[in-house]
Amino acid sequence: MALPLSPRIRATQTPPIPAVRGWAARYDGRAGPVLDLTQAVPGYPPHAELLAHLAEAAGSRAAAGYGPIDGDPALRAALASDMARFYGAPVATEDVAVTSGGNLAFTMAMTVLAGPGEAVMLPTPWYFNHRMALSALGIPCVPLACRAEDGFIPDPDRAATLMQGVRAIVLVTPNNPTGAVYPPEVIARFAELARAQGAWLVLDETYRDFLSAAQSPPHALFADPAWRDGVVHLYSFSKA
Ligand SMILES: Cc1ncc(COP(=O)(O)O)c(C=O)c1O
């Protein structure tokens, strides 16, 4: 008989994607074709040259060992310069650490930022993996309700009334699941609120590359060198 799991783990929801794919599999097509939006994965494979390069790199001797703890220096430098270009602000190689995916980066950030009894604020509806990570780590979540009438843009004034015990505010923009793109002034106000309350701002911009030229740069946080004392930025290669 399996040993019982802790109540914390038993209370952690499972990803909804298999259930939704189950509905799609049972759907009879009566109302038209199904568009699978459960995961932001392009319907076409990466460029053949990129795949060939990855295959070659995977077969190299270097790929068979441990790498530097913060990630491959060349990759960190390339990402830092790409971020500096995208945000129009200085981002250094030392600012970047590489993990095996954005979900691991979030879990690591939460492990570091929130201790026992300290809470993390998530606007609703949230990205299910963020909620799962907090639940599995035993970190209480303070939901910040976002309304359809507001285009699912979170309200910094409402957040300010809920900051008791909050060690980090998590924003996802462009948002999963709502698609809302938070205006730069809203992001700036959350950064101010977090700073004033001694909390971290964790900004997940996994969907950054979905923005149009007119929506870029999406915020000016990196223009203030003090961002390093209060902002954790998350990005993933899995969408781009
Ligand atoms: C907001 C958000 N952050 C992070 C991730 C996960 O990124 P990765 O695939 O790199 O773990 C996703 C994937 O769907 C996401 O929607």
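The model shown is predicted, which means the values in this text are computed figures rather than measured ones. Counting convention: from 1, in listed order, for ligands and their atoms alike.
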Student: Give the numbers and elements of all ligand 1 atoms closer than 4.0 Å to a heavy atom of V172.
Tutor: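 Those of ligand 1 that fall under 4.0 Å from V172 are 1 (C).
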Student: Can K239 be said to touch ligand 1, with heavy atoms closer than 4.0 Å?
Tutor: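 K239 counts as a contact of ligand 1 under the 4.0 Å cut-off.
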Student: Below 30° counts as parallel, above 60° as perpendicular, anything between as tilted: where do the rings of H130 and F106 land?
Tutor: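 Taking F106 first and then H130, their aromatic rings lie parallel (interplane angle under 30°).
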Student: Under 3.5 Å between any N/O of S236 and any N/O of ligand 1: does that happen in this structure?
Tutor: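 Between S236 and ligand 1 (N or O atoms, distance only) the closest approach is under 3.5 Å.
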Student: Which ligand 1 atoms, with their elements, are less than 4.0 angstrom from a heavy-atom of G102?
Tutor: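 This gives 7 (O), 8 (P), 10 (O), 11 (O) as the contact atoms.
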Student: Which residue and non-hydrogen atom of the protein lie closest to atom 4 (C) of ligand 1, and at what distance in Å?
Tutor: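 Of every protein heavy atom, T206 OG1, 3.4 Å lies nearest to atom 4 (C) of ligand 1.
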Student: Quick test of your reading of the structure: of N176, T107, N103, whose heavy atom lies closest to atom 6 (C) of ligand 1?
Tutor: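 Nearest heavy atom to atom 6 (C) of ligand 1 lies in N103.
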Student: Between F237 and ligand 1, find which residue part has any heavy-atom pair under 4.0 Å and reply side chain, backbone, both or neither.
Tutor: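 Within the 4.0 Å criterion, F237 makes no contact with ligand 1.
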Student: Between ligand 1 and F106, can you find any atom pair, the residue atom being a heavy atom, that is separated by under 4.0 Å?
Tutor: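 For ligand 1, residue contact (heavy atoms, under 4.0 Å) with F106 is absent.
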Student: State the atoms of ligand 1, each with its element, that fall below the 4.0 Å cut-off from a heavy-atom position in G101.
Tutor: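 Listed by number with element: 10 (O), 11 (O).
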Student: For H219 together with F190, are the ring centres under 6.0 Å from each other?
Tutor: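 So the answer is no for these two rings.
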Student: At what distance is the nearest protein heavy atom to atom 5 (C) of ligand 1, and which residue and atom is it?
Tutor: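 Result for atom 5 (C) of ligand 1: Y127 OH, 3.5 Å.
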Student: Report, in ascending order of atom number, the atoms of ligand 1 lying under 4.0 Å from any heavy atom of S238.
Tutor: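 Checking each atom against S238, I get 7 (O), 8 (P), 9 (O), 10 (O).
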